[in-house]
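In what follows, chains are A, B, ... by sequence order, proteins preceding strands, each numbered from 1.
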2 protein chains.
Amino acid sequence: MPVVRQSKAVNEPPAQNTKSPFPDAAQRKAAREAKREAVLLAAVRMFNERGFHATSLDDVALSLGVSKPTIYHYLGNKDQVLLECVSIGLAQLQQAVEEARARPGAGIDRLRYFLERYAQVNMDDFGRCVIRTGEELLVPASAASFRAKKREIDDALRSLIDEGVADGTITAPDPRLLAFTLAGALNWPARWFDPAGPMTREEAAHGMVDVLLHGFAPRS
Amino acid sequence: MPVVRQSKAVNEPPAQNTKSPFPDAAQRKAAREAKREAVLLAAVRMFNERGFHATSLDDVALSLGVSKPTIYHYLGNKDQVLLECVSIGLAQLQQAVEEARARPGAGIDRLRYFLERYAQVNMDDFGRCVIRTGEELLVPASAASFRAKKREIDDALRSLIDEGVADGTITAPDPRLLAFTLAGALNWPARWFDPAGPMTREEAAHGMVDVLLHGFAPRS
DNA sequence: AATGCAATCTACTCGCGAGTAGATTTTTGC
DNA sequence: GCAAAAATCTACTCGCGAGTAGATTGCATT
């Protein structure tokens, strides 16, 4: 047996700092994933800017310098592209929920933290897409999954409110209506926020939550 | 000359309480207008429910028991149908502006009145359509007109806030951000409000504005 | 009675864009 | 080296829905 061949199995592979033109399996998988994500990012930006129906997959492909079947290769059909985009946004929101849950402090503090993160996600590409995507755009099966995930976020918001009411740090005559009001205020930046404008996402989120916390009537 | 014929010109026309099968010119015009409005109402409801692109004019026509060219006869093309729908909603909002302006009282009271009316409009067929219609759905010329009218409403909201700040009845570190936050909260019912649900429009509007006035932090 | 206008229909055209077939080239695993 | 799999292209099909042509009917005005 050729000893040299065997040594390949027991030695560490040589460090690959300089990327070789012969990528290994892990690298190839990563490259594929990177392409997939590039397609999603290009798509979500065009969806947000021009609307889902006004964006053809040919447009998306062209903006990436590839042809339409390439998109089908990575993502299936147009519905799946959209579903994937909103799923990414929803995952970001879900993460905000978990961070808020894991937080120490009174109900109002955890709610405040969640609301700011929620607003920030809604000013980003994928979060915007969650807000702007009506259920009528998806095929029924995808729409059901979309609705279910949104429902989870909403329930989490509802429980954060309830906890605050329970520990006396939140005033809410009608928690359900409060949840809708907060969500609406913090969803709306998906339409108006401009990253090139005068405020950062963080400033905008912070300022909006301040308004919601204290209202616009003078403190008595 | 037959006297009876001449008398027609000088006498009042006989009262037409019972509608005759021979309508006069005014009645015909009114009937035409009624049909036009029926088309708009059917269209806006379908647009709100299923989305603009997912609603074909054949669908709208079918729901009224007529054929598609009839819609073209009354309203021109699909863009004009949509533009007309949003214009009706915007006119309702404009009226809310004027009512609020004409109101006596301090800045905060006039703002509050406006906000409630604004929310109520957004829970109605045409107001919903204003919120749900993105500019990308309209042909560029219509989009410009749409944007301009929305801008007017927004400016009016901004001045109401400014007046309240000036007379000391409103607290707003950043009036622009306050305006966006209020608008967002009160636009959102266009998505969630269900007339068949537990609250009336008035109750929902009142409750939301209460939240916005006082915030959810306990009064100090 | 004649002409014209209003209202409505049936039966088309036509373009756009989603989705696919199938060929071609590159990569890779053995 | 070679067969299989991955990546990508060109060049289609096909259905849907916006918009139109042109006929028909009926009422209205003179």
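Considering only side-chain N and O atoms, B:Arg32 lies nowhere under 4.0 angstrom from the phosphate OP1 or OP2 of C:dA6. The side chain of A:His73 places an N or O atom within less than 4.0 Å of a non-bridging phosphate oxygen (OP1 or OP2) of D:dA7. Side-chain nitrogen and oxygen atoms of B:Lys35 include at least one within less than 4.0 Å of the OP1 or OP2 phosphate oxygen of C:dT8.
No salt bridge links A:Asp162 with A:Arg158; every basic N to acidic carboxylate O contact stays at or beyond 4.0 Å. With salt bridges taken as basic N to acidic carboxylate O contacts below 4.0 Å, none links B:Glu99 and B:Arg103.
If you measure from atom CG of A:Leu62 to atom P of D:dT10, you get 11 Å, rounded to the nearest angstrom.
B:Lys35 places none of its side-chain heavy atoms less than 4.5 Å from the side chain of B:His73. Looking at heavy atoms from C-beta onward, B:Arg45 lies out of side-chain contact with B:Ser63 at the 4.5 angstrom threshold.
In the model, A:Gln80 has no side-chain atom that pairs as donor or acceptor with a side-chain atom of A:Glu84 under 3.5 Å.
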Could you write out each protein N or O paired with an N or O of nucleotides 14-19 of chain D at a distance under 3.5 Å?
{"from": "D:dA18", "atom 1": "OP1", "to": "B:Lys78", "atom 2": "NZ", "distance (Å)": "2.8"}
{"from": "D:dA18", "atom 1": "OP2", "to": "B:Leu57", "atom 2": "N", "distance (Å)": "3.0"}
{"from": "D:dA18", "atom 1": "N7", "to": "B:Lys68", "atom 2": "NZ", "distance (Å)": "3.0"}
{"from": "D:dG19", "atom 1": "OP2", "to": "B:Tyr72", "atom 2": "OH", "distance (Å)": "3.1"}
{"from": "D:dG19", "atom 1": "OP2", "to": "B:Lys78", "atom 2": "N", "distance (Å)": "3.0"}
{"from": "D:dG19", "atom 1": "N7", "to": "B:Lys68", "atom 2": "NZ", "distance (Å)": "2.8"}
{"from": "D:dG19", "atom 1": "O6", "to": "B:Lys68", "atom 2": "NZ", "distance (Å)": "2.9"}

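With a 6.0 Å radius and a threshold of 12 heavy atoms from other residues, nucleotides or ligands, B:Glu49 has its CD atom at or below the threshold.
In this pair, B:Phe47 and B:Phe52 present their aromatic rings perpendicular. The plane angle is above 60°, beyond the 30 to 60° band.
In the helix from C:dA1-D:dT30 to C:dC30-D:dG1, the rotation axis of the first five pairs and that of the last five pairs differ in direction by 10°, rounded to 10 degrees.
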